[in-house]
Structures are given as structure tokens and as C-alpha cells.
Amino acid sequence: MSDWRNERSDVQFYVEQAQEARAEAMARVGYLAVATVGRAVGAVAGRARGALGALTAWRDRQVALRQLLSLDDRLLRDIGLTRADAWVAVDGTLGNRAQDWPPEPAAYFDIALSNYAAGGCNDNGEGRRAA
């Protein structure tokens, strides 16, 4: 009978080790689950904050546009805007357009000084020229 008890105590040691390992594994799984849920909630909250911020900015732009369009033409001209510029002024792209002003002169080609105008309009070489 003593052999069975010695065997039993050896098995008990392994059972206790297995129970401790299981408890540790369950604690890790619980931590990972809580951490994953926390990250997911954080991501959803971040996107919700971004959407709310975009909605607030849109609403502010609409209010500003409504206020600009409620001004008469003389007041708009005093601040350097027209009714057509109200959208870009509220959108914030008017500053970019102002930096591009004045536009560069268009590249042009003076046809009066070209060979074409000087009589080289024929494409058959030197054989025949326009008078």
C-alpha cells in the first residue's frame, strides 16, 4: 500500500503543476481578451471622435458660408470677396489661389516671325515657295 501512496504523491505533484499552468494560461487568455477589447473600443472611439470632428467642421463651414452670403455685395467687395468666392473662402482654398495670382502669361508663338509666314508654307521643300 505504501507504493501506491508514493505513486499518488508523485502524481499529485504533476497534477498541482498542471493546475498552476492552467491557471496561468487562463490568466493570460483573460488579459489578452481584455487588452483586445480595450484596443477595439479605443479604435472605435477614435473613429467616432474623427467623425464627430468632421461633422462639427462641416457644420461650422455651413454657418460661415450662410453668414458670408447674407452680406450685401458692397460689404463683400470691401473684404475682397465676391459671391462666387464665398465657397472657396469658407473651404480655405482661397489662400492657395491668392498665392497663384497673378497667373503666368500664357506661352504663345508669334506666327508672323515663323518660316511658315515668311513663305515656307509648302511642305514640298525648295521646289515651290509661296509668293
Side-chain angles (χ1 to χ4, degrees):
M1 188 124 177
S2 66
D3 290 336
W4 184 76
R5 287 189 184 256
N6 287 339
E7 247 181 71
R8 179 81 172 155
S9 65
D10 290 342
V11 171
Q12 187 63 30
F13 172 73
Y14 292 118
V15 168
E16 288 172 3
Q17 276 188 337
Q19 288 174 347
E20 287 175 13
R22 180 175 180 253
E24 186 178 333
M26 292 304 288
R28 286 182 183 169
V29 166
Y31 171 76
L32 290 175
V34 169
T36 302
V37 169
R39 285 186 198 139
V41 168
V44 169
R47 289 188 180 181
R49 273 193 303 271
L52 185 60
L55 183 64
T56 303
W58 174 80
R59 188 190 66 212
D60 291 344
R61 284 192 307 271
Q62 293 300 317
V63 168
L65 180 65
R66 197 173 315 119
Q67 289 175 348
L68 272 176
L69 292 178
S70 69
L71 298 175
D72 62 351
D73 290 335
R74 185 185 58 82
L75 284 174
L76 284 172
R77 192 173 45 248
D78 285 346
I79 60 174
L81 293 176
T82 63
R83 291 205 180 274
D85 293 335
W87 283 98
V88 292
V90 169
D91 190 29
T93 58
L94 184 63
N96 297 341
R97 291 183 185 189
Q99 291 172 357
D100 295 341
W101 190 261
E104 294 181 19
Y108 66 92
F109 184 71
D110 191 1
I111 195 169
L113 300 177
S114 68
N115 288 337
Y116 179 80
C121 60
N122 273 335
D123 59 350
N124 59 0
E126 297 292 324
R128 185 172 168 182
R129 289 196 169 254

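Along the sequence shown, residues carry numbers from 1.
- When hydrophobic clusters are built by joining Ile, Leu, Val, Met, Phe, Trp and Tyr residues whose side-chain heavy atoms come closer than 4.5 Å, directly or via intermediates, Leu32 is not grouped with Val41.
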Can you list the steps and then say if Arg61 with Leu65 is a side chain to side chain contact (heavy atoms under 4.5 Å, CB included)? CA-CA 6 Å; Arg61 284 192 307 271; Leu65 180 65; over 6 Å; no

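- Separation of atoms CG (Leu55) and CG (Asp60) is listed at 9.5 Å; rounding is to 0.5 Å.
- Between Leu68 atom CG and Leu75 atom CG the span is 10.5 Å, to the nearest 0.5 Å.
- Separation of atoms CG (Leu69) and CG (Leu76) is listed at 7.5 Å; rounding is to 0.5 Å.
- The pair Asp78-Arg74 meets the salt-bridge criterion, with a side-chain N (NZ, NE, NH1 or NH2) lying under 4.0 Å from an Asp/Glu carboxylate O.
- Connection of Val29 to Val37 is not established within any shared hydrophobic cluster, with ILVMFWY side chains joined at heavy-atom distances below 4.5 Å, either directly or through further cluster members.
- Shortest non-hydrogen contact noted between Leu71 and Arg83 is O-NH2, 2.7 Å.
- Note that CD of Gln62 and CZ of Arg59 are 11.0 Å apart. Values are rounded to the nearest 0.5 Å.
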